[in-house]
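Below is one structure, written out as structure tokens, with a few remarks after it.
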There are 2 protein chains.
Amino acid sequence: MGTLAGRRLWTPITRWVAIALLLGASSRSEAGDAPRLAPPKSTPKVVSSGARSIPERLVEEALQSRGAVAVARELSDLVGARPTGSPAAERALVWAESRMRRAGLQQVRREAFDSQAWTAGGVALDVIAPAQHPLRATLMALSGSDQLVEGEVVRAGTLEELQALQGAMRGKVLLIDARLERTRYFDGFVPVARLHYRAVQGARLGGARAVLLRSAGTGNHRLAHMGNVEPSRGEPNIPVLSLAAEDADLLTRLSGVAPVRIRARIGRHQLRGHRDSNVVGELLGWEKPEEVVLLSAHWDSWADGTGAQDDAAGCGIVLDAARAWTALSLKPRRTLRIVLFGSEELNGAGAFAYATRYRESLPRHVAALEADSGAGAPIGYLLAGTGAAQTLLEGWVSPLASKAPATIVTTSLIGPDLVPLQLAGVPVLGVAQDLSDYFEWHHTAGDTFDKIDPAALSLAAGAWSALAWSATAANETLPPPIPPRF
Amino acid sequence: MGTLAGRRLWTPITRWVAIALLLGASSRSEAGDAPRLAPPKSTPKVVSSGARSIPERLVEEALQSRGAVAVARELSDLVGARPTGSPAAERALVWAESRMRRAGLQQVRREAFDSQAWTAGGVALDVIAPAQHPLRATLMALSGSDQLVEGEVVRAGTLEELQALQGAMRGKVLLIDARLERTRYFDGFVPVARLHYRAVQGARLGGARAVLLRSAGTGNHRLAHMGNVEPSRGEPNIPVLSLAAEDADLLTRLSGVAPVRIRARIGRHQLRGHRDSNVVGELLGWEKPEEVVLLSAHWDSWADGTGAQDDAAGCGIVLDAARAWTALSLKPRRTLRIVLFGSEELNGAGAFAYATRYRESLPRHVAALEADSGAGAPIGYLLAGTGAAQTLLEGWVSPLASKAPATIVTTSLIGPDLVPLQLAGVPVLGVAQDLSDYFEWHHTAGDTFDKIDPAALSLAAGAWSALAWSATAANETLPPPIPPRF
């Protein structure tokens with residue numbers, strides 16, 4: 001599939017929807033198709049060395065070194081918050097190149113692309129009737145403009161309530177006060193992300209003045225949850241504000257007493273002509289160097305927090321995999337390409353740039369992985385495929401069943417940055433990590449290093465490292481993926 | 001004891017120390033003297049009506065009406081944050097008078113006093129070496145001035161480490177990174193508050209430029225914990241900043257890597273000549289109107305959060321007690337005086353004003369209670385006394401043992417606003433409420449109504465109402481209290 005088609009499909013799809021793509025996994029399980037606990041159907045096809053298989057040795061190396069934790073700590077503590085276009089983003093790029101070389105990667109390079117750097121200029125949001133309170137909120141990236149908004153609040157907490165509001169949004173401020181349930185997979189997040197996406201689109205088309213979203217997180221800690229909501233061409237770019245859970249709950253309670261009015265003073269700043277970069281490095285395959293297993297994460301983060309779980313943890317996972325392979329003198333059969341994407345938080349611009357740049361060689365990408373699910377322990381594997389793909393994956397992961405559950409979950413999205421590759425037919429897969437705590441801090445000021453459990457992250461890193469190794473070493477390669485579902 | 005003496009004792013004692021007074025309870029339990037689970041030694045001496053005692057009926061009324069929850073919600077949601085000197089503080093006073101009249105109280109009045117209204121003008125705190133991060137911090141009330149502070153950080157996490165730093169603080173910034181443990185009583189909070197108090201005093205006298213405190217809360221939610229730290233006369237008023245737990249932890253981690261430097265830009269604004277008010281109302285005693293049982297809470301709060309647990313919950317408890325007595329047509333034998341103190345958060349200025357104004361009648365205050373421990377369920381009773389006092393209290397609370405544990409804990413502090421009365425010999429007692437969740441939100445932006453468990457608060461309100469009733473109705477009155485321990 002051409003990149004342009006992918007672009008066209010993608011452009012109106014915001015970060016919210018990138019995640020809402022995970023509908024694939026959730027709607028199936030809603031329909032009673034639970035994650036499959038499939039017993040292994042084939043013997044492992046991985047290269048074996050001595051008594052223990054290489055995947056086993058890689059897990060042990062990750063557990064003993066805790067190297068992923070050290071890398072995540074560096075990026076989180078020493079580089080810090082690194083939104084696209086910030087001074088810290090440049091520090092992150094320097095750090096990424098240096099860290100790739102230290103991990104033993106070759107041909108380390110920056111690959112530049114155009115991005116939409118954006119900074120919030122501050123939001124002052126107040127409820128002005130029937131009581132007066134300053135609220136805690138953040139402007140969702142790529143929405144709104146410098147402006148003053150005042151209006152009466154209408155609320156909805158479900159898709160049904162949202163539909164019932166159709167035609168009643170003109171001139172109003174739409175509040176979506178749905179709560180996010182804590183779950184181990186994405187099935188708590190997905191329905192809320194879906195509702196948010198539809199609400200924002202409905203509010204734009206329905207003439208609302210602004211949208212207020214109860215933060216898409218499980219926390220009640222007075223922190224707002226960041227995200228981006230770029231409008232499709234022609235849609236009015238109304239401001240979308242994410243409120244701390246407490247403040248959304250206050251509006252819900254007040255709306256039960258009397259009509260609620262809010263006033264928001266919004267500042268934002270769009271940087272023009274910003275060039276961002278992915279950072280790329282390789283371990284060349286000894287037998288099939290032209291065949292690529294892509295193992296990725298993203299180096300950018302939001303401005304609040306230090307992007308520890310999103311995605312310093314993922315950077316730690318993939319950089320430590322390269323280090324471990326080098327340290328154990330393991331030379332892959334196919335090429336391992338590590339990519340740390342930029343601008344993942346701004347509609348995945350780095351991922352599209354990668355797919356464009358490597359368009360010719362995408363057919364030789366035999367597998368693509370992205371670690372962008374935090375620092376939780378492995379609870380299974382994610383696969384955009386069934387049938388032969390599942391049988392192959394079962395063979396790869398079964399040797400590790402004593403350390404990481406061999407549960408395989410079929411989903412239409414593995415990682416936001418993999419979508420352009422998946423659209424182009426590259427097989428995508430990954431490790432499912434426990435998300436129970438992830439949405440407590442994801443995209444908030446609380447996403448800091450202290451939230452990372454070193455033992456859980458180390459085990460996850462070992463599982464990713466082993467999975468990537470199996471993909472480079474296998475005799476068979478995965479069939480094309482199921483497409484992302486929108 | 002004269003008020004002046006009390007004043008002199010109190011002035012250098014900040015809000016921190018007001019709480020550190022709780023040392024009484026904790027140091028005893030540290031010494032192995034656990035809370036006493038004493039069996040009742042005497043029959044209840046309360047007025048009985050029908051099959052159920054009045055205390056039992058009051059608990060049932062509180063549970064059925066949930067009136068305390070409604071009041072707490074009004075103050076938290078409709079009045080909002082109400083720091084001394086703010087526009088919302090005036091709204092709180094109007095609300096309190098109106099609410100007292102609705103509860104059936106007589107002689108409702110404001111009683112004015114001088115206070116030190118203060119507003120933070122914003123803090124910009126950055127770590128500038130060995131990494132660069134904005135940190136989340138708040139200036140502790142009554143400390144510092146408009147200024148820029150830069151310096152190298154020295155840290156201590158225990159009293160021993162603090163003592164080891166003596167002489168090494170000059171020109172440095174002292175970081176106290178002790179963690180607060182979650183407990184049901186005050187025994188987690190007290191050692192940290194004690195360490196903070198000693199650290200601030202030591203830093204002032206030792207020539208430190210500033211103090212950074214890891215927030216005195218159990219939360220890790222990137223919220224700073226507010227407080228006040230007024231210096232004693234002659235001590236340099238260096239700024240004291242409370243850092244979000246994550247940011248203190250970051251400094252701790254960085255200090256293990258390289259010398260850490262911070263820079264703080266501090267704004268503050270002191271209002272001159274501010275007059276604050278307590279709000280007072282009464283239910284006159286039918287037999288001994290000149291004898292007073294004081295049941296109190298405080299209406300002020302910090303600027304962040306909406307002061308839901310501290311102390312809208314307490315206001316709900318005491319106002320609903322008055323409402324319930326009136327609703328049940330219960331006329332107390334002695335006078336019930338409800339006081340909602342002002343400026344509790346600014347060194348308890350309202351409490352000292354009350355003790356001064358009522359100096360002549362303090363000998364006729366037979367008991368004083370203050371509900372300032374949040375919205376947790378009752379887990380026992382607090383008494384600044386032993387022996388005969390304990391025997392008497394056991395008789396009052398034993399009829400409720402099926403609803404609220406009759407555990408009696410001896411402590412030298414019941415409530416911060418009771419200290420001037422206690423110094424003057426007024427017996428003080430109260431309901432012990434479960435504090436397990438309290439320090440998660442206490443004095444932070446997260447102290448909002450959603451954190452209140454209606455069932456727990458209603459049960460606590462019933463226990464307070466019943467306890468106050470027993471104090472008005474008892475034949476015997478409590479002996480003088482043990483003094484507050486400093």
Side-chain angles (χ1 to χ4, degrees), chain A residues 70 73-82 86-88 91 95 126-136 179 214 217 219-224 244-258 260 303-308 437 440-441 444-452, chain B residues 70 73-82 86-88 91 95 126-136 179 214 217 219-224 244-258 260 303-308 437 440-441 444-452:
Chain A
R73 180 173 156 174
E74 276 183 11
L75 184 53
S76 184
D77 276 6
L78 296 176
V79 177
R82 48 204 174 276
S86 67
R91 294 202 299 272
W95 171 87
D126 292 89
V127 52
I128 54 176
Q132 296 168 48
H133 294 273
L135 305 181
R136 296 204 166 192
R179 285 164 183 266
R214 188 184 194 273
N220 270 55
H221 38 38
R222 207 85 196 269
L223 301 176
E246 285 88 340
D247 294 308
D249 291 350
L250 174 67
L251 294 186
T252 304
R253 288 195 303 275
L254 291 178
S255 72
V257 175
V260 174
D304 286 346
T306 57
D437 296 332
E440 193 84 5
W441 308 114
T444 74
D447 184 9
T448 49
F449 180 75
D450 55 294
K451 308 306 187 315
I452 289 180
Chain B
R73 179 173 157 175
E74 276 184 10
L75 184 53
S76 183
D77 277 6
L78 296 176
V79 178
R82 49 203 173 277
S86 66
R91 294 203 298 272
W95 171 88
D126 292 88
V127 52
I128 53 176
Q132 295 166 49
H133 294 273
L135 305 181
R136 296 204 166 192
R179 285 164 183 265
R214 187 184 196 274
N220 269 53
H221 37 39
R222 206 86 195 270
L223 300 177
E246 287 88 340
D247 295 307
D249 291 350
L250 174 67
L251 294 187
T252 304
R253 289 196 302 274
L254 292 177
S255 71
V257 175
V260 174
D304 287 346
T306 56
D437 295 331
E440 193 85 6
W441 307 114
T444 74
D447 184 9
T448 48
F449 179 75
D450 55 294
K451 308 306 187 315
I452 289 180

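Every chain is numbered from 1 and lettered A, B, ... according to where its sequence line falls, protein lines coming before strand lines.
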Tell me, for B:S76 versus chain A, whether the close heavy atoms (under 4.5 Å) come from the side chain, the backbone, both or neither. backbone
When you check the gap from the basic side-chain N to the acidic O, do B:R136 and B:E246 get nearer than 4.0 Å? no
Is it the side chain or the backbone of B:L223 that comes within 4.5 Å of chain A heavy atoms, both, or neither? side chain
Euclidean distance, A:N220 CG relative to B:K451 NZ, rounded to 0.5 Å: 5.5 Å
With rounding to the nearest 0.5 angstrom, report the OG1 to CZ distance, A:T306 to A:F449. 9.5 Å
Contacting region of A:L78 [heavy-atom separation from chain B under 4.5 Å]: both
Chain A contact via B:V127 - side chain, backbone, both or neither, heavy atoms under 4.5 Å: neither
Answer with side chain, backbone, both or neither: which region of B:Q132 has an atom nearer than 4.5 Å to a non-hydrogen atom of chain A? both
Do A:R82 and A:L75 have side-chain heavy atoms sitting under 4.5 Å apart? yes
Output for pair (A:D247 CG, A:D126 CG), nearest 0.5 Å, gives 10.5 Å
Quick one: of A:G80, A:A445, A:A81, who has the most non-hydrogen atom pairs under 4.5 Å with chain B? A:A445
Quick check for you: to the nearest 0.5 Å, what is the distance between B:D77 atom CG and A:L250 atom CG? 5.0 Å
Contact winner vs chain B - A:R253, A:H133, A:R222, A:E440, heavy-atom pairs under 4.5 Å: A:R253
